[in-house]
Amino acid sequence: MPFFVDSVIMFTSQVLFFGFGWLFFMRQLFKDYEVRQYVVQVVFSVTFAFSCTMFELIIFEILGVLNSTSRYFHWKLNLYVILLVLIFVVPFYIGYFVVSNIRLCKNNSPKNGNLMKIDSPSDHPSRVGVIGVTLMALLSGFGAVNCPYTYMSYFLRNVTDSDILALERRLLQTMDMIVSKKKRIAMTRRQMYQRGEEQNKQTGFWGMIKSVTSSPSGSENLSVIQQEVDALEELSRQLFLETVDLQATKERIEYSKTFQGKYFNFLGYFFSIYCVWKIFMATINIVFDRVGKTDPVTRGIEITVNYLGIQFDVKFWSQHISFILVGIIIVTSIRGLLITLTKFFYAISSSKSSNVIVLVLAQIMGMYFVSSVLLMRMSMPLEYRTIVTEVLGELQFNFYHRWFDVIFLVSALSSILFLYLAHKQAPEKHMTL
Amino acid sequence: MQPSNATSGGRSLLNETQQVGQRAQCSYFRKEMASLDRVKVLVLGDSGVGKSSLVHLLCQNQVLGNPSWTVGCSVDVRVHDYREGTPEEKTYYIELWDVGGSVGSASSVKSTRAVFYNFVNGIILVHDLTNKKSSQNLYPWSLEALSKDSSPTGIIVSNGDYDREQFAENSVPLLLIGTKFDQIPENKRNDVLTRTAFLSEDFNAEEINLDCTNPRYLAAGSSNAVKLSRFFDKVIEKRYFTRDPSQMQSFTDRRRFHFKKSNQLECCF
């Protein structure tokens, strides 16, 4: 009986998550496109629903909701389903849509066979786990560095309105030059066509001398002008992107003067300290080959009890604090991931490739969430870890943590280098005299 | 004008100043001439609808082989015979400005894009017949282009909603082009054409439905070619032959120094 009730609760929550994923897909991700293949939307929502269910089960574990055997059962079930989706269903559909896109482009290529790989069943959690952990570490490393960089106004370059106006003027002048050259090409081509001679360069030369709007310079032929046009077009693109950059910086400067902006600036200082601490800890872990045995909650409680002499009920507080901590981690990682995915999707998708990209994003999301569960083990006190360990079986958790630290360190250091170079290079371009 | 200074140093300085002044005047007039000749038509629409292919087809009479993403704005020039076949026939260069991006772009992109919306004489709105959202997005696109006004005292269009009357009294000629016509199955064609008919009524514009990879849709003498030619004629007429200052652009109080006689100043930025 309790098993039935628990299953009903789990099922209802899964339906809720599915609905949320569906809405998110329609309202946010795909809002500029028409959904023609509903299977994409279904797959995305299913992946999202099962990933969220995993997080929900962790929360239930901490809070002690539901019967423990039914929890175990649902863990196993959920894990199998999500691994099935991530390893078979999503890659299959990605392959299917890629092939059908290629077929639309070149109308005569034969349909390829099934692109599925057949692996042995026992490797699945570890393979998904490794990829997911790598992904997580890359994103965390970059996020840990980028977050203070964007929040703190110390890094904002000083941009004035006259800088922007000057750049816009240059952009329009470049466009004008492109237009005048294209006019010349068009008129020349038209005269050559009227005279019935396409390829003759000499005629082009005479035609230009005779044309009313010609400039006094003589022997340019069409290909030379075309090359100049190409160079100018490249320049105009660069100027456009620089102007967009300056406008964005100017908006950020204005934002930083508001109350919200100041708050985020303050947070930025905190995050930079956190980022430095994490890099330091990762280095120490690798250098001294150390794996943390206790989670931050228990350690924090130990410190307060032993060093500060405050006495309180350890069991009670550890449960609540770990619930809050884990809850915060889950919510921020889901939110952060969805926002990043949306931004990424807007940046790179077009109407042809939108299906494939959404499926790839669903795959990334699923792997990210699975590995979050793996790594979250470290943040939970011992008694809650057991279920995760039991369900996932024989996995080398220490390996994952070590791997995470390595990739995190590499990602954070290269992000610092990258941001430093980008920051250095930009002001030199906008020096106004 | 002869310099009247006694010292040679002073003379050379005055010479230089004169030369600079003359050069400035020269470039001013050249700019005048260039901007007088200019007929600028914007090509707007969501990314991926086929604006670049369309512009290439209109200007080069060829199909674009390798369409790639437009960053910023790309311009091409079409040579158009105004009032072709009549004694008043004259050749004009029509600049087609293909502005890239989407309606949901960041505000920094939108404010940069707004630079291209100056001195616009006509707008071609492009939508994808297989994607309804691209048709719906034409309303915010047209609003963005027509109500761009940098002076804060301009009349602000209400919260972005479109209004048919505003389009009716709008003086910038519009043309609606639907692309990827060949990708619509036969049985759906009527629905699509009804939908686009509503759209063209809303915008008070002519509509053309074609496939940018097939030049026969714009073959000389076809109804599409006639509509296109009529549109460009209308643009040129508005630009050159109806210089009534009260018939300024669009909804808001825009720059008033737009169309002036040739020997007066033309305001740039």
Side-chain angles (χ1 to χ4, degrees), chain A residues 30-36 104 164-169 171-191 193 212-213 215 229 232-252 343 346 348-354, chain B residues 30-31 33-35 37-38 40 46-50 59-61 67 69-81 91-97 99-116 118-119 128 130-137 180 183 268-269:
Chain A
F30 242 50
K31 68 174 181 187
D32 281 335
Y33 302 104
E34 250 182 70
V35 183
R36 255 163 292 164
L104 279 179
I164 297 184
L165 275 180
L167 211 59
E168 283 179 355
R169 201 172 292 144
L171 177 60
L172 282 176
Q173 277 172 359
T174 316
M175 301 302 296
D176 284 347
M177 294 202 298
I178 295 178
V179 164
S180 61
K181 289 203 195 292
K182 286 215 165 164
K183 280 181 186 167
R184 212 154 29 177
I185 296 180
M187 197 38 117
T188 315
R189 245 204 227 120
R190 186 184 187 166
Q191 286 173 344
Y193 176 71
V212 180
T213 53
S215 74
V229 164
L232 282 175
E233 282 183 335
E234 185 57 46
L235 175 64
S236 78
R237 280 190 281 267
Q238 279 181 17
L239 285 174
F240 180 80
L241 291 175
E242 278 179 35
T243 316
V244 169
D245 207 25
L246 283 192
Q247 289 272 10
T249 315
K250 177 175 154 210
E251 280 169 16
R252 275 180 53 201
K343 268 197 247 181
Y346 284 161
I348 65 174
S349 77
S350 69
S351 54
K352 271 204 296 199
S353 60
S354 53
Chain B
R30 206 179 304 141
K31 191 165 198 291
M33 295 297 293
S35 53
D37 269 344
R38 147 172 289 172
K40 180 168 160 183
D46 276 353
S47 64
V49 297
C59 300
Q60 322 270 5
N61 287 321
W69 217 340
T70 317
V71 172
C73 174
S74 85
V75 196
D76 213 340
V77 170
R78 177 179 162 104
V79 182
H80 177 72
D81 293 318
T91 312
Y92 284 91
Y93 296 114
I94 300 191
E95 303 163 24
L96 294 171
W97 289 57
V99 177
S102 72
V103 277
S105 297
S107 56
S108 53
V109 176
K110 282 191 181 166
S111 12
T112 315
R113 242 181 1 217
V115 157
F116 301 126
N118 285 326
F119 306 121
D128 183 352
T130 60
N131 182 353
K132 271 189 217 150
K133 292 252 174 79
S134 67
S135 319
Q136 288 164 5
N137 283 340
K180 306 194 188 163
Q183 287 180 26
C268 324
F269 292 98

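Letters A, B, ... are given to chains in the order of the sequence lines, protein chains preceding strands, and every chain is numbered from 1. Just so it is clear, the structure is predicted and the values come from calculations on it, not from any experiment. Because only heavy atoms are used, hydrogens play no part in the values below, and waters and symmetry mates are left out as well, while side chains stay in.
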Does the side chain of A:Leu172 reach to within under 4.5 Å of the side chain of B:Val115, using non-hydrogen atoms?
yes

Please work out which of the three classes, parallel, tilted or perpendicular, describes the rings of B:Phe116 and A:Phe240, given edges at 30° and 60°.
parallel

Of the backbone (N, CA, C, O) and the side chain (C-beta and beyond), which part of A:Ile164 lies under 4.5 Å from a heavy atom of chain B, both, or neither?
neither

Does any heavy atom of chain A fall under 4.5 Å from the side chain of B:Thr91, the backbone, both, or neither of them?
side chain

Between A:Glu233 and A:Lys182, is the salt bridge (Lys or Arg N to Asp or Glu O under 4.0 Å) condition met? List the steps.
CA-CA 11 Å; A:Glu233 282 183 335; A:Lys182 286 215 165 164; 3.1 Å; yes

Heavy-atom distances under 4.5 Å only: say whether B:Gln136 touches chain A with side chain, backbone, both or neither.
neither

Among the options A:Ser180, A:Ser236, A:Ala248, pick out the one with the most heavy-atom pairs lying under 4.5 Å from chain B.
A:Ala248

Ignoring hydrogens and angles, tell me if any N or O in the side chain of A:Lys183 forms a donor-acceptor pair with the backbone of B:Tyr93 under 3.5 Å.
no

With a 4.5 angstrom heavy-atom cut-off, is it the side chain or the backbone of B:Cys59 that approaches chain A, or both, or neither?
neither

Can you confirm whether A:Lys250 sits close enough to B:Ser111 that some side-chain heavy atom of one is under 4.5 Å from a side-chain heavy atom of the other?
no

Bottom line for A:Leu239: the part with an atom under 4.5 Å from chain B's heavy atoms is neither

